[in-house]
Amino acid sequence: MANTDAIVGWKTITFGCHVMEPGSSAKFRTGDWRSQRPVIDNEKCIKCGICWIYCPDMAISQTEDGFFEIDLEYCKGCGICAHECPKDAITIIPEEG
Amino acid sequence: MSKRVGIEVSIALAEAVKLANVDVIAAYPITPQTHIVEHLSKVVADGEVDAEFVPVESEHGAMSCCCGSSAAGARTFTSSSSQGLLLMSEILFIPGPMRLPIVMAVVDRALSAPISIWNDHQDIMSQRDVGWIQTFAENGQEAFDLTLHAFRVAEDRRVSLPMMVNIDGFTLSHVVEAVELLSQEEVDQYLPPFKPRYRMDPRKPITMGPVGIPEVYSEAKVAHNEALKASRKVILQGWKEFADLFGRQYNPVETYRSEDAEVLLVTMGSISETAMTAIDTMREKGQKVGLIRIRLWRPFPGPEFRKAAGKAKMLAVVDRCLPPGAVCGPVGTELRSLFYKVPGAPKIFNFIAGLGGRDVTVERFEEMVDKARAFAKRRPKELYEVIGVREK
C-alpha cells in the first residue's frame, strides 16, 4: 500500500507512487477492518495448528506452551480459523463498539 | 552516415527500434501492425540486436510484459492495432502513473463491428485517456524519426512516461516510401542509454504499483497528470536536438499555407498530405485556405495550436472517429473546448471522415471547406457532419 505515514501532496508523493522500503506491508494494520474476532478456548485446543496453517493473514502464531494466539493488529475476523478448527475450539464474537 | 532508401514504412519504423538498441520487445501480431513485429522478431533472431523478443499469448500479456521489463530497467517496445489495442486497454492505463517509459507504435485501424482491418482513428481515440504521450506521424520519415524521439523523450528522467507513435494502418504502414535511415553512430549520438530513476532490483527492493487508498489516490493521479503536462518541454527539446543533429525540425503542430487563410483544415496523420494537395488546388482557384496538422495529441499543445490558428475565421476539423452519442468527434470536442470564449476565436465545424478505410479525397476536403463557409453563414442543425456517407 502507498505510504500514508505522512500527509503527502501531489508534489511530495513518491515518484510513481512507489513504496521505497521493503517489507512495508506489515505497517498496514488490517485488523482495523474487523467487525468480529476469534476467541480460542485452550480447554478444547489440541495444538494441531490447523488454524495457523489456514489463517490467510499469518495473524496466528504458536506460543511457548504450544497453544495458539491471534494477533489482533492483523486479524481481519474472516472466521476461517473457526471454520477449520476440528475441535470447535474457536468461536467468533462480535467486536463491541 | 545516414542513407536514403526505398522502404516499407513498417520496416523503417522497426529499423528505428533496432537502432534504438531495444532490450525487450513483447508483442502479439495483428493486422496492420504485423510487419513491424515480424521484422523485429527477425532481427532479434538474426542477432542484429541484443534483445529479448517475447512472443506473448495476447496483447493483454504483451503490455503486462512490457510493464515488467520496463520496471526492471529494460528499454521496452511493443506495437498493436485496433482490437489488439483494446485487449491491452486494462494495462495501458498502468505504466503512465507508474512512470514506466514503454514505447509503442500504434498502427491505427477501425474497430469491430462490423469487422474492419482498414484505417481510421477509432482505436486510438477510444484509448485517448490512457495517460501516454501520443504523437501522430504523417509519412514514413516521420514514423522513423518520431520512434527515435519517443525513446529519447519517454526515458528522459524528467519525463519517465510511456509514449506512443501513431501511424495510419495500410495507408502509411504498408506503403514504400523514400526514408533517410540514420546510422547507428548517429542514433547513438541522439539517444543515450536508458538509465531509469528507479527499477526493480532485488538488492534494493521497492514496491511499484501499490494500492492507493482514498488518502493518496487523488495526489497520485494529479502527480501523473502534471508529469504528462510537464513533458512538453522535453518533447520540444527532443525535437530541437533532432533538428540540430539531422536537420529535420518537428513541431507539436504544423501549418501549411495558413498565413492569410480564412479557412483552416485541421487533420492528424497521413490524410494531411491529401489535404495539402486539396489546399493547393483550392489556392489555385483563389481560395484562402490552409492546414493545421496536429502531431502532438497528448499532452495537447494548446498554446501552439492557438498560435497556428492565427486570425483564421473558420476551422474545418476532421475527425477519423465517430464517437456514438457524443457532442462532437474527439478532435472537434478538444478544439471547441480550447477556443471556448476566447476573444476572436475561429468558428469551429467538425467533420467525421475516412471511417474504416474510406478514402478521404481531395474533393472531400474541398467539400468540407465549402461546407464550413456555408455553415459560417447559416448555423448547421448538428454540431458535426459525417462526410461522404450515403443515406440511401
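Letters go in sequence order (proteins before strands), and every chain restarts at 1. These numbers come from the heavy atoms of this one structure, side chains and all, not from hydrogens, waters or symmetry mates.
- With sequence neighbours excluded, the residues satisfying side chain to side chain contact (heavy atoms under 4.5 Å, CB included) with A:Gln62 are A:Phe68.
- Side-chain atoms of B:Glu52 never come within 3.5 Å of backbone atoms of B:Val24 as a donor-acceptor pair (strictly under, hydrogens ignored).
- Residues of residues 74-81 of chain B having a heavy atom under 4.5 Å from any heavy atom of chain A: none.
- Among B:Asn225, B:Leu100, B:Ile206, the residue making the largest number of heavy-atom pairs under 4.5 Å with chain A is B:Ile206.
- Residue B:Arg295 forms a side-chain contact (heavy atoms from CB on, under 4.5 Å) with just one option from B:Leu146, B:Val253, B:Ile235, and that option is B:Leu146.
- Put simply, the side chain of B:Arg157 gets close to the backbone of B:Lys195: a donor and an acceptor are under 3.5 Å apart.
- With chain A as the partner, the residue from B:Gly209, B:Gly212, B:Pro205 showing the most heavy-atom pairs under 4.5 Å is B:Pro205.
- Taking the six-membered ring where the residue is Trp, B:Phe339 and B:Phe305 present perpendicular rings, their angle passing 60° and hence far from 30°.
- Applying the side chain to side chain contact (heavy atoms under 4.5 Å, CB included) rule to B:Tyr28 yields the partners B:Val56, B:Glu59; only residues at least two apart in sequence or on another chain are considered.
- Residues that satisfy the side chain to side chain donor-acceptor pair (under 3.5 Å) test with A:Thr30, not counting sequence neighbours, are absent from this structure.
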